[in-house]
Amino acid sequence: LNQATSVKYFENITNDIKDFSHRINVTQIENVAKKILNAHIVYLVGIGSDNIMAKYMSEYLTLIGIPCISIVEEGLHLKQNMLLANEKDYILMSSFPSVQNDEYWITSYAKENNIDITVITDSELTAKSLGVKDFFKAKLSMDTFFNSSILVMLLCDMILIKIKELAPE
């Protein structure tokens, strides 16, 4: 990594953050924060490299007393955890370009059981392929692809800040 590459890298990240900040819907962030606060249990799903969101949100939601389950495993273990979810619960899932079969299963299960779900993803196309209407687009330029967690973490922070505003105790 040389100086020019470092500068270009930081410029790309800065541009991605600026673009994201102009596209973010603060009403949607407030709606997600309210869903988290009103849920019986919040299911945080992130398979593979998407597990960063689930682990991060789980740490903070647990600290502030919001019941949550972080699901980062695939297959039977994932389904065993999800089968406990019902219409009083809420699912927040991170799903980026390589959508897993388990992610399709989760969105289908949520729809069949009237469970609210929001997906953090890279595009409207991915959200549509998963069959979800409530999603955040956190798309990075290809030059910063390997740091794809940056915008997701910013979004998580915005949701956590809104939760604190809505329920300061």
- prompt: Within the side chain of S6, is there an N or O that forms a donor-acceptor pair under 3.5 Å with the backbone of N2?
  reply: yes

- prompt: Atom OG in S94, atom CE in M153: separation rounded to 0.5 Å?
  reply: 10.0 Å

message: As an exercise, state the distance from CG of L155 to OG of S149, rounded to the nearest 0.5 Å.
response: 12.5 Å

query: Would you find a donor on one side and an acceptor on the other, under 3.5 Å apart, between the side chain of D102 and the backbone of G75?
result: yes

task: For side-chain contact (heavy atoms from CB on, under 4.5 Å), just list the numbers for V132 and M93, CA-CA rounded to whole Å, side-chain angles, deciding distance to a tenth of an Å, and then say yes or no.
output: CA-CA 11 Å; V132 296; M93 181 169 75; 5.9 Å; no

message: Is it the case that the side chains of S129 and T126 hold a donor-acceptor pair, with the cut-off being a distance below 3.5 Å and no angle test?
response: no

field: Minimum heavy-atom distance between K111 and G131, given as atom pair plus value
entry: NZ-O, 3.9 Å

message: Checking the side chain of N25 only, and the main-chain atoms of T27 only, is there a donor and an acceptor separated by less than 3.5 Å?
response: yes

query: Any chance the side chains of Y90 and T118 put a donor and an acceptor closer than 3.5 Å?
result: yes

query: Under 3.5 Å, is there a donor-acceptor pair between the side chain of Y109 and the main chain of A85?
result: yes

- prompt: Any side-chain heavy atom of K88 sitting closer than 4.5 Å to one from I115?
  reply: no

- prompt: Atom OG of S70 and atom CG of L61: how far apart are they, to the nearest 0.5 Å?
  reply: 10.0 Å

message: Taking the basic N atoms (NZ, or NE/NH1/NH2) and the acidic carboxylate oxygens, is any pair closer than 4.0 Å for E30 and K34?
response: yes

field: Reported CE-to-CH2 distance for the pair M82 and W105, which is rounded to 0.5 angstrom
entry: 6.0 Å

message: Check this for me: E124, atom CD, are more than 12 non-hydrogen atoms of other residues, nucleotides or ligands nearer than 6.0 Å?
response: no

message: Which residue in the set L44, I91, N81 passes side-chain contact (heavy atoms from CB on, under 4.5 Å) when paired with I71?
response: N81

message: Tell me if a side-chain donor or acceptor on S95 pairs with a main-chain N or O of T121 at a distance below 3.5 Å.
response: no

- request: Check whether I64 and I161 end up in the same hydrophobic cluster, where Ile, Leu, Val, Met, Phe, Trp and Tyr are linked by side-chain heavy atoms less than 4.5 Å apart.
  value: no

Rounded distance (nearest 0.5 Å) linking atom CD1 of I29 with atom CD of E165: 10.0 Å

query: Should L63 and I163 be regarded as members of a common hydrophobic cluster, given that ILVMFWY residues are connected when their side-chain heavy atoms come within less than 4.5 Å of each other, either directly or indirectly?
result: yes

task: Find the distance between CD1 (I47) and CD (E74) and round it off to the nearest 0.5 Å.
output: 5.5 Å

message: Starting from L84, can I reach I106 by hopping between I/L/V/M/F/W/Y residues whose side chains sit under 4.5 Å apart?
response: yes

Same cluster (ILVMFWY, side-chain, under 4.5 Å), F135 and L125: no

message: Side chains of N51 and Y56 only: does a donor on one sit below 3.5 Å from an acceptor on the other?
response: no

task: Answer whether the closest heavy-atom distance between the side chains of V42 and I69 falls below 4.5 Å.
output: no

task: Say whether T107 and E103, considering side chains only, have a donor N or O and an acceptor N or O under 3.5 Å apart.
output: no

task: Examine M158 and L166 and state if one hydrophobic cluster contains both, with Ile, Leu, Val, Met, Phe, Trp and Tyr joined whenever side-chain heavy atoms are less than 4.5 Å apart.
output: yes

query: Donor-acceptor pair, D19 side chain versus D16 backbone, under 3.5 Å?
result: no

query: Judged by atom type as modelled, is there a donor-acceptor pair below 3.5 Å linking the side chain of S21 to the main-chain atoms of K18?
result: yes

- prompt: Hey, mind stepping through L151 and F136 against side-chain contact (heavy atoms from CB on, under 4.5 Å) and telling me if it holds?
  reply: CA-CA 10 Å; L151 296 182; F136 288 101; over 6 Å; no

task: Taking the side chain as every heavy atom from C-beta outward, state whether V119 and D134 have any atom pair closer than 4.5 Å.
output: no

Contact check, side chains of V45 and M53, non-hydrogen atoms, under 4.5 Å: no

- request: State whether the number of non-hydrogen atoms from other residues, nucleotides or ligands found under 6.0 Å of Q80 atom CD is greater than 12.
  value: yes

- prompt: Is the backbone N or O of L92 less than 3.5 Å from a side-chain atom of Y43, with the two atoms forming a donor-acceptor pair by type?
  reply: no

- prompt: Counting only N and O atoms by type, is there a donor-acceptor contact under 3.5 Å from the side chain of N113 to the main-chain atoms of N86?
  reply: no

